[in-house]
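One structure below.
The structure displayed is predicted, hence computed values, not measured ones. Just so it is clear: chains get the letters A, B, ... in the order the sequence lines come, proteins before strands, and each one is counted from 1. For the numbers below, each heavy atom of this structure counts, side chains included, while hydrogens, waters and symmetry mates do not.
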2 protein chains.
Amino acid sequence: MPAPRKFTREQLRTVALAMVDEEGLAALTMRSLASALGTGAMTIYNYVDGREGLEQLVTEAVMAEARWDDPAGDWTEAVAAVAVGMWRAVRAHPQAIPLILTRRSLDPATLLAAEALLDALARGGRSGADLLIAFRVVTGFVSGFSQSELASPLAPDHGDDSSTATDHIRSLPADRFPRLIAIAEAATGSDPETEFRAGLSIILTGLHSTPKVG
Amino acid sequence: MPAPRKFTREQLRTVALAMVDEEGLAALTMRSLASALGTGAMTIYNYVDGREGLEQLVTEAVMAEARWDDPAGDWTEAVAAVAVGMWRAVRAHPQAIPLILTRRSLDPATLLAAEALLDALARGGRSGADLLIAFRVVTGFVSGFSQSELASPLAPDHGDDSSTATDHIRSLPADRFPRLIAIAEAATGSDPETEFRAGLSIILTGLHSTPKVG
DNA sequence: AATCGTTCACATACAACGTACCTAATCGAG
DNA sequence: CTCGATTAGGTACGTTGTATGTGAACGATT
């Protein structure tokens with residue numbers, strides 16, 4: 001039985017991700033990927049399970065870039081390392097975020113990250129249901145934070161986009177949305193990595209001082 | 001200048017959301033919504049700005065259902081109330097989650113929730129950059145937790161879906177993914193609301209005991 | 001009351017998408 | 001060298017979002 005010949009899955013991954021990065025999600029179609037590879041559209045189906053599979057491919061490609069230092073000292077540092085690693089990978093490909101948020105990924109890279117995270121949390125003394133909750137809190141924070149920068153009302157206006165959700169917020173009735181209007185200013189000039197680390201340390205503080213029952 | 005006559009935006013919202021709930025996201029198309037309303041496809045364009053606008057409509061409809069009790073006692077309780085309120089609304093419409101996670105919503109309901117959350121956090125003594133980070137942590141948690149149940153490796157297998165990501169995890173090499181395999185069991189029988197509240201309390205603990213600088 | 005500009009409802013039409021189906025080329029095994 | 005299996009990729013179809021055009025319905029103006 002001859003294996004796939006003209007390409008490898010990894011080539012597809014790389015090209016697909018590059019296309020998403022450069023031209024956006026909508027630019028990734030069966031035909032466009034095929035012609036970027038210099039082949040026919042139907043060939044893609046030999047490497048990938050339909051459109052759904054194509055999108056998982058992109059998710060894989062992003063997660064495969066995640067890197068983190070090993071479980072050095074404190075368990076909280078290990079958790080932070082993995083979380084930051086995942087977040088950096090995601091953040092490097094903002095156009096792919098909608099995919100990452102909505103596909104269930106069971107590829108090796110994601111599973112490895114999950115295992116590393118679980119291990120770090122377990123070293124903090126958790127197991128069973130407690131461990132599961134802690135895991136969900138941290139991964140939820142990572143993806144939630146990505147989403148928060150992408151699509152929350154206070155998301156930084158990303159370059160090409162229609163100008164300025166911030167402006168829209170500024171123009172709201174000041175008596176009904178005082179906090180929102182005030183904070184919209186602070187949101188414009190903030191540094192994402194600083195914010196992420198600050199948020200993460202809140203989470204870690206919570207984890208550190210929450211009683212474990214499992 | 002005659003205003004829209006045959007329908008209201010709210011009618012569209014309701015019908016669109018009902019379609020997504022009952023038949024899934026893919027079932028919502030311009031034509032399907034139109035014929036559910038007994039009209040032609042192009043009519044939709046008089047109420048909504050293209051496909052993108054149609055999807056925002058669904059997001060609006062979900063967020064419009066969010067309810068929470070008022071800022072009763074402790075500020076942490078107020079934060080929890082809003083968070084739970086948002087989460088319940090989202091959770092009531094699992095099929096719409098991918099939309100909610102990926103559209104930036106500036107509709108009144110979302111903004112009101114944001115304001116309420118900001119207000120509760122501000123009552124905890126935060127402002128400026130600190131307030132912004134706390135806001136992102138909580139909203140990130142809410143959406144991250146929703147996504148975690150939808151698409152994380154440990155997401156509960158939702159009914160209709162292909163059977164059992166759990167099975168896939170169970171079949172991994174036990175020497176490389178011990179934690180993951182162990183926890184996959186715990187993930188099958190867990191109650192979402194309990195998990196959410198437990199996770200939220202970790203977040204709140206973290207917020208409570210993190211020094212504020214702003 | 002007659003007119004006019006504006007807005008809505010909706011049919012038609014089209015490009016682009018995912019993909020079912022089919023054919024020819026290409027490989028390993030015997 | 002032949003045979004079975006597998007890949008490459010062309011063709012074609014149904015479906016999607018939507019640009020465009022045409023009538024009808026309305027409020028305001030004369």
Write down the distance between [atom1] ([X]) and [atom2] ([N]), rounded to a whole number of angstrom.
X: B:L37; N: C:dC8; atom1: CG; atom2: P; result: 16 Å
X: A:F7; N: D:dT6; atom1: CZ; atom2: C1'; result: 16 Å
X: A:I44; N: C:dT19; atom1: CD1; atom2: C1'; result: 13 Å
X: B:K6; N: D:dA24; atom1: NZ; atom2: P; result: 16 Å

Exercise. How would you list, by chain and number, every residue that makes a salt bridge (charged side-chain N to carboxylate O under 4.0 Å, His left out) with A:R197, sequence neighbours excluded?
Worked result: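 Applying salt bridge (charged side-chain N to carboxylate O under 4.0 Å, His left out) to A:R197 gives A:E193.
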For this session: Return the nearest nucleotide to the side chain of A:M42; candidates are D:dA8, D:dT11, D:dA19.
Result: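 Selected nucleotide (nearest to the side chain): D:dT11.
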For this session: Taking only the side-chain heavy atoms of B:R5 (C-beta and beyond), determine which of C:dC8, D:dT11, D:dA8 contains the nearest atom.
Result: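 Of C:dC8, D:dT11, D:dA8, C:dC8 is nearest to the side chain of B:R5.
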Exercise. Could you give all pairs that pass the ring-ring contact (aromatic ring centres under 6.0 Å, His included) test and reach residues 178-200 of chain B, with sequence neighbours left out?
Worked result: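 Those involving residues 178-200 of chain B are B:W87-B:F196, B:F141-B:F196, B:F145-B:F196.
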Which atom pairs, donor and acceptor, lie under 3.5 Å between side-chain atoms of residues 10-22 of chain B and protein residues at least two apart or in another chain?
unit_1: B:T14; atom_1: OG1; unit_2: B:E10; atom_2: O; d: 2.8
unit_1: B:D21; atom_1: OD1; unit_2: B:H93; atom_2: ND1; d: 3.0
unit_1: B:D21; atom_1: OD2; unit_2: B:H93; atom_2: ND1; d: 2.7

Distances under 3.5 Å between nitrogen or oxygen atoms of protein and nucleotides 15-18 of chain C:
unit_1: C:dG18; atom_1: OP1; unit_2: A:R51; atom_2: NH1; d: 2.5
unit_1: C:dG18; atom_1: OP2; unit_2: A:M30; atom_2: N; d: 3.0
unit_1: C:dG18; atom_1: N7; unit_2: A:R31; atom_2: NH2; d: 2.6
unit_1: C:dG18; atom_1: O6; unit_2: A:R31; atom_2: NH2; d: 2.8

For this session: Could you tell me which residues satisfy side-chain hydrogen bond (donor to acceptor under 3.5 Å, both in side chains) with A:T188, sequence neighbours excluded, listed by chain and number?
Result: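 Partners of A:T188 by the side-chain hydrogen bond (donor to acceptor under 3.5 Å, both in side chains) criterion come out as none, since no residue qualifies.
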Exercise. Ion pair present between A:E185 and A:R170, side-chain N to carboxylate O less than 4.0 angstrom?
Worked result: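 Salt bridge flag = yes for A:R170 with A:E185.
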Problem set entry | Pairs touching residues 46-56 of chain A that satisfy salt bridge (Lys or Arg N to Asp or Glu O under 4.0 Å), sequence neighbours left out |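 Residue pairs passing salt bridge (Lys or Arg N to Asp or Glu O under 4.0 Å), neighbours aside: A:R51-A:E55, A:E52-A:R103, A:E55-A:R103.
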